[in-house]
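What follows is a single structure, written as C-alpha cells, with notes after it.
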Amino acid sequence: MNTIGFNHYNLRAPRALMDELKTFYCEVVGLTQGQRPPFDSFGYWLYAGDQCLLHLSQANPDEVRHTHVATTFDHVAFNCTGRTEMKERLKRHNVEFRTGRVPELGIVQLFLKDPAGNGIELSFAERDGGQENRVAC
C-alpha cells in the first residue's frame, strides 16, 4: 500500500459556525460549493476546480467542538493564483494575514486563520501578481 496524494480534510462544527466557515472558504479563500452525497447528516463539500478539498460537517447537538485550542495541527495549505487580488480580498473582508517567503522554491505565502481559528496558508508562485501560475510542493 502506498499513499498517493491528498484527498480532503474535514471540519466539524455546530450549524452556525459551519455556515460561517462555508461563507469564509467560498468568499475569502475562493473555494466553491459542489456536489455532496445525500448523507444522513447536514454539510457541505467545497471544491477547488473539480477537486473536492474540504468537507464541512454539522456536529451533533450534544457534541462539544472546541475552537481556538492548541493542538499539533498548525495549518492547511492551498496552491493559489492571483496574489495581488487575494491580498485585496483579504483586506476587504478584514482578514488579518502575514506574509512569508520560501526563496529556494520561489514561493510567497499568506498565513491567516478561518473563523474557527484553523490556520491557513495560501501559497503563490513568487512571480505571481495575478498570473496563472501553479506551485508544487
Side-chain angles (χ1 to χ4, degrees):
M1 180 195 92
N2 294 315
T3 300
I4 59 171
F6 177 77
N7 188 281
H8 72 275
Y9 73 109
N10 184 78
L11 299 177
R12 191 169 173 86
R15 178 64 187 266
L17 178 55
M18 186 185 63
D19 288 341
E20 188 177 354
L21 288 166
K22 179 182 85 70
T23 299
F24 177 86
Y25 279 96
C26 290
E27 291 183 8
V28 177
V29 176
L31 300 180
T32 56
Q33 182 180 344
Q35 170 62 31
R36 179 181 185 266
F39 296 120
D40 290 339
S41 63
F42 186 78
Y44 305 105
W45 281 11
L46 305 182
Y47 291 73
D50 62 355
Q51 184 179 3
C52 183
L53 296 179
L54 174 57
H55 295 179
L56 298 175
S57 302
Q58 183 174 338
N60 295 323
D62 59 342
E63 273 184 78
V64 176
R65 291 285 166 162
H66 298 284
T67 60
H68 299 85
V69 295
T71 69
T72 57
F73 177 80
D74 186 69
H75 68 275
V76 63
F78 295 99
N79 290 329
C80 299
T81 60
R83 185 174 74 243
T84 301
E85 293 86 353
M86 179 58 77
K87 288 170 98 172
E88 291 169 2
R89 184 185 305 171
L90 293 172
K91 290 175 185 174
R92 270 195 320 274
H93 287 275
N94 297 311
V95 175
E96 293 182 19
F97 64 93
R98 67 178 176 80
T99 303
R101 289 191 169 356
V102 184
E104 298 83 2
L105 299 176
I107 296 172
V108 175
Q109 306 150 303
L110 303 180
F111 293 97
L112 52 133
K113 300 269 186 196
D114 73 14
N118 298 304
I120 300 170
E121 172 189 330
L122 304 177
S123 187
F124 301 84
E126 193 161 33
R127 66 190 176 278
D128 177 13
Q131 320 307 22
E132 287 296 318
N133 297 314
R134 287 215 171 268
V135 177
C137 296

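Sequence positions, counted from 1, serve as the residue numbers for this chain.
- Closest heavy-atom contact between S123 and I107: OG-CG2, 3.1 Å.
- For the atom pair CG (L11) and OG (S57), the distance works out to 8.5 Å, reported to the nearest 0.5 Å.
- Residues C26 and T32 fail the side-chain proximity criterion, which asks for heavy atoms closer than 4.5 Å.
- Between the CG atom of L21 and the CG atom of N118 there is a distance of 7.0 Å, given to the nearest 0.5 Å.
- Contact of the F42 side chain with the M18 side chain is registered, since non-hydrogen atoms from C-beta on lie closer than 4.5 Å.
- Expressed to the nearest 0.5 Å, how far CD1 of I120 lies from CG of D74 amounts to 11.5 Å.
- The two residues Q58 and R15 make their nearest non-hydrogen contact at OE1-CD, 3.6 Å.
- Taking the ring centroids of Y9 and H55, they lie at or beyond the 6.0 Å cut-off.
- Proximity of a side-chain donor or acceptor of E27 to a complementary backbone N or O of F24 within less than 3.5 Å is not detected.
- Rounding to the nearest 0.5 Å gives a distance of 8.5 Å between NE2 of H8 and CG of L54.
- Nearest heavy atoms, P115 versus E20: CB-OE2, 3.5 Å.
- Here E85 contributes atom CD and C80 contributes atom SG; the two are 11.5 Å apart, rounded to the nearest 0.5 Å.
- When all heavy atoms of P14 and A59 are compared, the pair lying nearest together is N-CB, 3.9 Å.
- With hydrogens and angles disregarded, a donor-acceptor distance shorter than 3.5 Å links the side chain of R83 to the backbone of E126.
- Residues K87 and L110 approach most closely at CG-CD1, 3.8 Å, considering heavy atoms.
- Residues L31 and F78 have side chains in contact (heavy-atom distance under 4.5 Å, counting atoms from C-beta outward).
- By the 4.0 Å N-to-carboxylate-O rule, E63 lies close enough to R12 to be salt-bridged with it.
- Side-chain atoms of N60 never come within 3.5 Å of backbone atoms of D62 as a donor-acceptor pair (strictly under, hydrogens ignored).
- Under the 4.5 Å side-chain heavy-atom criterion for grouping Ile, Leu, Val, Met, Phe, Trp and Tyr, M86 is connected to V95 within one hydrophobic cluster.
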For this session: Check the pair L122 / V29 against side chain to side chain contact (heavy atoms under 4.5 Å, CB included), numbers first and verdict last.
Result: CA-CA 8 Å; L122 304 177; V29 176; 4.2 Å; yes
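- Here the shortest heavy-atom pairing between N10 and L56 reads OD1-N, 4.2 Å.
- Other members of the hydrophobic cluster containing F39, listed by chain and number, are W45, Y47; membership follows side-chain contacts under 4.5 Å among ILVMFWY residues, whether direct or relayed.
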